[in-house]
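Here's the structure, in structure tokens; my notes come after.
Worth saying up front: this structure is predicted, and the values here are computed from it rather than measured. Residue numbering restarts at 1 for every chain, and letters A, B, ... go by the order of the sequence lines.
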2 protein chains.
Amino acid sequence: MDIRQRLGRNLRRLRTERGWSQEEFADRAGIHRTYVSDIERGARNPTITVVEKLATPLGTTVSALLS
Amino acid sequence: MDIRQRLGRNLRRLRTERGWSQEEFADRAGIHRTYVSDIERGARNPTITVVEKLATPLGTTVSALLS
DNA sequence: CTGTGACTTTTAGTCCGTC
DNA sequence: AGACGGACTAAAAGTCACA
């Protein structure tokens, strides 16, 4: 499966597990809410620094998000 | 340590372990020679699809490169 | 063989909305 | 609550000449 889709699925799963909306999570991660939506749908190709920003508020690792 | 520097160090280590020059590796990865140089020095912030291109010829994973 | 500055094209990433 | 579009700015992708 495409790495962007793997990231999207992992992100959505971990975010919803925490009961956060996309907007609430975006604020915690310091990125824009529409960008979170795009990433979860596998429609974007983020940089490694963005993936790190996603991992931090989730308390997970970059590797876990991309696996 | 910065994720870009971790990627750079891991990439350089794995590449040299295989006895490849930057140029030879770049050809295998389908990436430009100077771009590989930049990544190894932590001077770039690549996207996840680029990291995937790096991992493939090394026979390793994106996670390993970013860890 | 590798580093680096300069460069153009492409896309990452933001912000405004509407459905 | 989230999908999605348009327009925009910042930065990545990708290449080259030369040290």
Side-chain angles (χ1 to χ4, degrees):
Chain A
M1 189 167 68
D2 186 74
I3 191 171
R4 288 170 299 185
Q5 299 206 348
R6 290 207 308 276
L7 171 62
R9 290 189 185 210
N10 288 330
L11 174 57
R12 178 159 294 181
R13 176 173 41 81
L14 293 166
R15 174 182 64 78
T16 55
E17 277 177 8
R18 283 152 184 75
W20 295 335
S21 67
Q22 288 180 349
E23 189 161 15
E24 180 171 1
F25 171 71
D27 289 343
R28 291 175 184 263
I31 66 183
H32 202 268
R33 86 185 147 76
T34 60
Y35 198 43
V36 171
S37 171
D38 289 348
I39 291 172
E40 288 192 355
R41 286 179 291 113
R44 290 282 187 159
N45 185 28
T47 58
I48 58 178
T49 55
V50 165
V51 179
E52 202 171 38
K53 280 188 177 180
L54 301 174
T56 301
L58 292 168
T60 188
T61 61
V62 171
S63 295
L65 281 175
L66 295 177
S67 65
Chain B
M1 189 167 67
D2 186 75
I3 192 171
R4 288 170 300 186
Q5 300 207 350
R6 290 208 309 275
L7 170 62
R9 291 190 185 207
N10 288 330
L11 174 57
R12 178 160 293 179
R13 176 173 42 80
L14 293 166
R15 174 182 63 79
T16 55
E17 278 176 8
R18 284 155 183 73
W20 295 335
S21 67
Q22 287 181 349
E23 190 161 15
E24 181 170 1
F25 171 71
D27 289 343
R28 291 176 184 265
I31 289 177
H32 200 271
R33 196 207 98 221
T34 60
Y35 195 46
V36 171
S37 171
D38 288 349
I39 291 173
E40 286 192 357
R41 285 179 292 112
R44 294 269 190 162
N45 185 28
T47 58
I48 57 178
T49 55
V50 166
V51 180
E52 201 171 38
K53 281 189 179 179
L54 301 174
T56 301
L58 292 168
T60 188
T61 61
V62 171
S63 295
L65 281 175
L66 295 177
S67 65

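With a 4.5 Å cut-off on side-chain heavy atoms, B:F25 and B:L14 do not count as touching.
When the C1' atoms of four end pairs are superposed on the next four at each end of the helix from C:dT2-D:dA19 to C:dC19-D:dG2, using five pairs per end, the two resulting axes differ in direction by 50°, to 10°.
Residues passing the side chain to side chain donor-acceptor pair (under 3.5 Å) test with B:Q22, sequence neighbours excluded: B:E40. When the salt bridge (charged side-chain N to carboxylate O under 4.0 Å, His left out) test is applied to A:R18, no partner is found at least two apart in sequence or on another chain. Taking B:N10 as the reference, B:R13 meet the side chain to side chain donor-acceptor pair (under 3.5 Å) condition, with sequence neighbours excluded. Looking at residues two or more places apart in sequence or on another chain, you find a side-chain contact (heavy atoms from CB on, under 4.5 Å) between A:R9 and A:M1. A:D2 pairs by the side chain to side chain donor-acceptor pair (under 3.5 Å) definition with A:R4, not counting sequence neighbours. Checked against side chain to side chain donor-acceptor pair (under 3.5 Å), B:S63 has no partners two or more places apart in sequence or in another chain. In this structure, A:R33 has no salt bridge (charged side-chain N to carboxylate O under 4.0 Å, His left out) partners at least two apart in sequence or on a different chain.
Counting 5' to 3', DNA chain C first comes under 4.0 angstrom of a heavy atom of chain A and last does so at the ends given by C:dA12 to C:dG17.
Contacts between residues 17-34 of chain B and DNA chain D, counted as heavy-atom distances below 4.0 Å, involve B:H32, B:T34. Listed by residue number, B:N45, B:P46, B:T47, B:V50 are the residues of residues 45-67 of chain B with a heavy-atom contact under 4.0 Å to DNA chain D.
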Run the side-chain donor-acceptor check on residues 48-57 of chain B: report pairs under 3.5 Å with partners two or more places apart or on a different chain.
{"residue": "B:T49", "atom": "OG1", "partner": "A:N45", "partner atom": "OD1", "Å": "3.3"}
{"residue": "B:T49", "atom": "OG1", "partner": "A:N45", "partner atom": "ND2", "Å": "2.7"}
{"residue": "B:T49", "atom": "OG1", "partner": "B:T47", "partner atom": "OG1", "Å": "3.2"}
{"residue": "B:T56", "atom": "OG1", "partner": "B:E52", "partner atom": "O", "Å": "3.0"}

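B:R4 comes within contact range of no nucleotide atom at all, as no heavy-atom separation falls under 4.0 Å.
As rounded to whole Å, 8 Å separates atom P of D:dG2 from atom CZ of A:R12. The CG-C1' distance, from B:D38 to D:dA11, rounds to 14 Å in whole Å.
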Discussion item. Side chain to side chain contact (heavy atoms under 4.5 Å, CB included), that's the test. Do A:L58 and A:L11 meet it? Break it down for me.
Written reply: CA-CA 9 Å; A:L58 292 168; A:L11 174 57; 3.8 Å; yes

Item to complete: Mind running side chain to side chain contact (heavy atoms under 4.5 Å, CB included) on B:E24 and B:R15 for me, showing each step along the way?
Response: CA-CA 10 Å; B:E24 181 170 1; B:R15 174 182 63 79; over 6 Å; no

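Going from atom CD of A:E23 over to atom OG of A:S37 covers 11.5 Å, rounded to the nearest 0.5 Å.
Of the possible polar contacts, none joining the B:R44 side chain to the B:I39 backbone as a donor-acceptor pair under 3.5 Å is found.
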